[in-house]
Number of protein chains: 2
Amino acid sequence: MTLVETVYEAIREGIVLGRYAPESRLKVEPMKAEFGVSGTIVREALNRLIFEGLVIANGRRGFSVAPFSAEDLADIIRARLLIEVEVVRLSVAHGTEDWEVALVGAHHGLTRREATVDIADEASIRALEAANRAFHDQLGAACPSPTLFQFYSQLFTRHYRYRRVALREKVILREAREDHQDLLDAALVRNVERVADITRAHIERTQRFSDQLITAFDRAVPATD
Amino acid sequence: MTLVETVYEAIREGIVLGRYAPESRLKVEPMKAEFGVSGTIVREALNRLIFEGLVIANGRRGFSVAPFSAEDLADIIRARLLIEVEVVRLSVAHGTEDWEVALVGAHHGLTRREATVDIADEASIRALEAANRAFHDQLGAACPSPTLFQFYSQLFTRHYRYRRVALREKVILREAREDHQDLLDAALVRNVERVADITRAHIERTQRFSDQLITAFDRAVPATD
DNA sequence: AGTCAACATTTTATCGATAAAAATATATTT
DNA sequence: AAATATATTTTTATCGATAAAATGTTGACT
């Protein structure tokens, strides 16, 4: 793996997990030290993140983390409703037996994490989210459109940046658990429209918490300037 | 405008217009000379193009132009059918009066080019395509979802890479002309579903030429290695 | 006190050089 | 002549240094 790729992953994780706050500047000089690489590497990694919607390039004024806003969140949800629903639809329609097997496996892993998650434990939450992501990725993995899958993936990541703030709510976890079971059942019997419906509801459900998310975030991180 | 941005635009245009053939390697050393900049600049520009789907990064083996394939083209068309249709739908539903004015203007510009285009003249074709792009961009410009608009834009660019091969067909030009007039008329009376339908047909029409496009390309540019 | 301008500092954008890797050519052995 | 090993060249990935902006600060002047 190339150095740029390593740094690129690290920065992306830093942004997604909120270690770099929204709108904060991503200064090359400090990051050189942080990762022990030269400025060129950092800059190349940042350039890759621009089109992923996580980093903003401000002309001659360097880079910064993409901002949080209610509009942006609404935008992400709307786009997910269009794209992710189509991705799972196509995937369930095209999935092979191997895909089914992998899906059952991913669901099992997710179930385990859901059962044992401790809301107070950061690592446990992190593991749950990884399993959640793996399950949803697998659900869409048989989608024959690489482009749509890439869009889905990007949106999922951007959405997670917001969602993680609310991940400690027990009620969300419970509802999500039910959705996941329903998704698996419908997917296994290839009920495409039902999978689409549950996916839609699953995404829409997060909308209920949108306002809370934004205000919760504003409380946690006061304006950066 | 920063140097990286300039070079980035130049490389993108080079790829879109086929000056850099699909799958050909994008070597930093020659490009340094071509643009009169250092390797760092070229690399940063290339990194930006990765997520746009125009450039592939091959681990430690440099960069290359995204390949042409029948699957890729089908993928682009499928994604456009989903995303662009939604973009124009949202845009027509949300467009203000200023948007209407700009749309009429863009359509007028396009009509002029369509009337005077000379299939044998490269510059004339180029101008037509710019006007075509401007009209379609304006049609979707009032879409309240920046994300969906960005996806639309990326797909349009990627599709153009294929379409330009077929742009010299008179029959395509004639059919497109009719679509554009119908799109404008339906947009002005805010007939959202009609605009969506025409857009769908407009994109689907290109599908008829897909096979020809691929074989035409294969003839024009024999395998690169 | 508040505005404005000269100055100092930080930060960025960019370059040229280098070491490591990959690709290519050459030689050597069978 | 084929296959393998070795040397050579090209190309890439990476670094440290520098000039040009941008930002922040101080201090004179109203």
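Throughout, a chain's letter reflects where its sequence line sits, starting with A, and its residues are numbered from 1.
A straight line from CD of A:Glu29 to P of D:dT23 spans 17 Å, rounded to a whole angstrom. For the pair A:Glu5 CD and D:dT12 C1', the interatomic distance rounds to 13 Å; values are reported in whole Å. Counting to the nearest Å, the C1' atom of C:dT14 and the CG atom of A:Asn47 are 13 Å from each other. As rounded to whole Å, 14 Å separates atom P of D:dT14 from atom CD of B:Glu44. Distance CE (B:Met31) to P (D:dT11): 13 Å, rounded to an integer number of Å.
Every pair passing side-chain hydrogen bond (donor to acceptor under 3.5 Å, both in side chains) that includes a residue from residues 91-103 of chain A is listed here, sequence neighbours excluded: A:Glu100-A:Arg190. Sorted pairs that involve residues 5-37 of chain A and meet ring-ring contact (aromatic ring centres under 6.0 Å, His included), not counting sequence neighbours, are lacking altogether.
Regarding contacts with the backbone of D:dT11, every side-chain N or O of B:Arg25 stays at 4.0 angstrom or more from both OP1 and OP2. When the side-chain nitrogen and oxygen atoms of B:Thr2 are compared with OP1 and OP2 of C:dT14, one or more of them lie within a distance under 4.0 Å. Between B:Arg61 and D:dT11, a side-chain N or O to OP1/OP2 separation shorter than 4.0 Å is absent.
Contacts with DNA chain D (heavy atom under 4.0 Å) in residues 51-60 of chain B: B:Gly59, B:Arg60, listed by number.
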Tabulate atom names and distances for all N/O pairs under 3.5 angstrom spanning the protein and nucleotides 15-20 of chain C.
| residue | atom | partner | partner atom | Å |
| --- | --- | --- | --- | --- |
| C:dC15 | OP2 | B:Ser38 | N | 2.9 |
| C:dC15 | N4 | B:Thr40 | OG1 | 3.2 |

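Evaluation of the side-chain contact (heavy atoms from CB on, under 4.5 Å) rule for B:Arg113 yields B:Ala127, B:Leu128, B:Ala131 as partners, not counting sequence neighbours. Evaluation of the side-chain contact (heavy atoms from CB on, under 4.5 Å) rule for A:Pro67 yields A:Glu23, A:Ile56 as partners, not counting sequence neighbours. Every residue two or more places apart in sequence or in another chain that forms a ring-ring contact (aromatic ring centres under 6.0 Å, His included) with B:His107 is listed here: B:Phe135. For B:Tyr152, the ring-ring contact (aromatic ring centres under 6.0 Å, His included) test picks out B:Phe149, B:Phe156, with sequence neighbours left out. Every side-chain hydrogen bond (donor to acceptor under 3.5 Å, both in side chains) that B:Arg80 has, sequence neighbours left out, goes to B:Glu84, B:His159.
Under a cut-off of 6.0 angstrom, the local environment of CZ in B:Arg112 is sparse, with at most 12 non-hydrogen atoms contributed by other residues, nucleotides or ligands.
Tested against B:Glu129, the residues B:Arg163, B:Arg161, B:Arg164 include a single salt bridge (Lys or Arg N to Asp or Glu O under 4.0 Å) partner, B:Arg163.
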